[in-house]
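Quick note on labels: first sequence line is chain A, next is B, and so on, each numbered from 1. In this text, all values refer to a predicted model and were calculated from it rather than measured experimentally.
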Number of protein chains: 2
Amino acid sequence: MQLSQSTEYAIHSLFYLAVNNNRQTVLVSEIARAQNISESYLAKIFQGLVKAGLVRSYRGAKGGYHLAVPAEKITLKNIMQAVEGTSPIYTCDHDRRDCDFVVDCLITATMKKAEKKMYEILDKITLEKLIENAEELRNQMKWLDSIPK
Amino acid sequence: MQLSQSTEYAIHSLFYLAVNNNRQTVLVSEIARAQNISESYLAKIFQGLVKAGLVRSYRGAKGGYHLAVPAEKITLKNIMQAVEGTSPIYTCDHDRRDCDFVVDCLITATMKKAEKKMYEILDKITLEKLIENAEELRNQMKWLDSIPK
DNA sequence: TATATTTGGATAATAATTGTCCGAATTATC
DNA sequence: GATAATTCGGACAATTATTATCCAAATATA
Ligand code: SF4
Ligand code: SF4
């Protein structure tokens, strides 16, 4: 029940993008370098983020990425679901058992509710809010300083 | 971000145990058969549940398992953590970045809060409540009927 | 003693995650 | 038009986690 490292990469990379959203584009190589993570792997993650509609890509010289929507519209929930998918945290195999599954049983209903509550919290925090928080904690988050090419 | 199948097995097996808690012991073979799942794999899961203090085991003839604590004291949270562990859903690699991590940043704080909310919901539902719900939905949950040896 | 059962360890099969590489497509600039 | 810079898509490989099986040893009953 842990988020994949890809999600941790994606959150931080979008955060970095949001901080640098005034620039035309940012290279994936720069984003990887800023965090000291694998560039080729991050490139793959970004392909997914494009498909999910969170970032826009620009190919060719002077290309790169920037946010597809404003930073105040992208939440931690959005990012998490873009990377991890949207399938529910709990699914039961009722076929395997002798279980009709007409009405949600209390197990299923509870799992759905727990998941919903979790996403409600995550949906409240946007990249914009992360930036505001970063202003307060700036001295502890040096990796956000943009890296010159 | 999905629960492992082991957790699904554990929840249903403990549920089955709770329903049959009037009996002295229940065999792991019976529990597996009732759900049509692998007996040897379930046996391994039960070893973990013993260590977690959720069930008690009895070796030898007439042995088996029963709940270590009353059904109203075992929650879905307890079961989930017994199987999946208690490490947080989100951990960041601040060493890899240039991040001091003195105070929780908003990412970390939000993840902790989301996790907490999720567990709060799961901690409200006990095996006892599942049994009550099963009485209502009895016709759809035939697998709970205890299997004669 | 014979039988029933969990325990713990070893091992294997399968699937998911993480990571790399490269040629093709695209775009900007000279 | 040629060149350089960049993402894209697909294939592939390495590593780790999950799911599963088996068996000898320990324990308990009768
Ligand atoms: S009891 Fe509920 S969770 Fe379990 S198999 Fe039936 S419907 Fe699914
Ligand atoms: S910004 Fe927050 S989550 Fe990211 S590395 Fe720093 S402390 Fe961790």
Q) Going by atom types only, do A:Glu30 and A:Tyr16 share a side-chain donor-acceptor pair under 3.5 Å? A) yes

Q. Cut-off 3.5 Å, side chains only: do A:Thr7 and A:Glu84 have a donor facing an acceptor?
A.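 Yes, because at least one side-chain N or O of A:Thr7 sits under 3.5 Å from a partner of the opposite role on A:Glu84.
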
Q: Locate the shortest heavy-atom distance separating A:Gln2 from B:Met1; write the atom from each residue and the value.
A: C-SD, 4.4 Å

(Q) Is it true that, when you exclude A:Arg96 itself, more than 12 heavy atoms of the residues, nucleotides or ligands shown sit nearer than 6.0 Å to its CZ? (A) yes

Give the rounded distance in Å between these two atoms: [atom1] of [X] and [atom2] of [N].
{"X": "B:Leu49", "N": "C:dT6", "atom1": "CG", "atom2": "C1'", "answer": "13 Å"}
{"X": "B:Ile45", "N": "D:dT21", "atom1": "CD1", "atom2": "P", "answer": "11 Å"}
{"X": "A:Asp93", "N": "D:dA20", "atom1": "CG", "atom2": "P", "answer": "10 Å"}
{"X": "A:Tyr65", "N": "C:dT26", "atom1": "OH", "atom2": "P", "answer": "15 Å"}
{"X": "A:Phe46", "N": "C:dT20", "atom1": "CZ", "atom2": "P", "answer": "16 Å"}
{"X": "B:Tyr41", "N": "C:dA10", "atom1": "OH", "atom2": "P", "answer": "19 Å"}
{"X": "A:Leu42", "N": "C:dC21", "atom1": "CG", "atom2": "C1'", "answer": "16 Å"}
{"X": "B:Gln24", "N": "D:dA30", "atom1": "CD", "atom2": "P", "answer": "11 Å"}

Q) Under 4.0 Å between a side-chain N/O of B:Tyr9 and OP1 or OP2 of D:dT18, yes or no? A)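 Checking D:dT18 against B:Tyr9, no side-chain N or O comes under 4.0 Å of OP1 or OP2.
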
Q.
Within the 4.0 Å heavy-atom criterion, would you say A:Ser40 contacts the bases, only the backbone, or no part of the nucleic acid?
A. base

Q) Mapping B:Lys44 and B:Val26 onto DNA chain C by nearest heavy atom, which one lands closer to the 5' end? A)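 Mapping each residue to its closest nucleotide by heavy atoms, the 5'-most match is B:Val26.
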
Q) Nearest 0.5 Å, what's the CG-OH distance between A:Leu14 and A:Tyr9? A)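 Atom-to-atom, A:Leu14:CG and A:Tyr9:OH are 14.5 Å apart.
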
(Q) Which label fits A:His66 and A:Tyr58: parallel for a plane angle under 30°, tilted from 30 to 60°, or perpendicular past 60°? (A) tilted

Q. 5'-most contact on DNA chain D: B:Ser38 or A:Val28, nearest heavy atom basis?
A.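 Its nearest nucleotide being more 5', the pick is A:Val28.
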
Q | A:His94 ring center within less than 6.0 Å of B:Trp143 ring center | A |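 They do not qualify: ring centres at least 6.0 Å apart.
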
Q: Check ring-ring contact (aromatic ring centres under 6.0 Å, His included) between A:Phe46 and all other residues, then give those that pass, not counting sequence neighbours.
A: A:Tyr65

Q) Contacts to DNA chain D from residues 1-8 of chain B, heavy-atom cutoff under 4.0 Å, which residues? A) B:Ser4, B:Gln5, B:Ser6

Q | Nucleic acid contacts - residues 52-63 of chain A versus DNA chain C, non-hydrogen atoms under 4.0 Å | A |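 By residue number: A:Arg59, A:Gly60, A:Ala61, A:Lys62.
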
Q.
Regarding A:Lys44 and A:Glu39, does a basic nitrogen lie under 4.0 Å from an acidic carboxylate oxygen?
A.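 A salt bridge is absent here (no side-chain N lies under 4.0 Å from a carboxylate O).
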
Q.
The side chain of B:Gln47 is closest to which nucleotide in this list: C:dT5, D:dT6, C:dT7?
A.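 So the nucleotide nearest the side chain must be C:dT7.
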
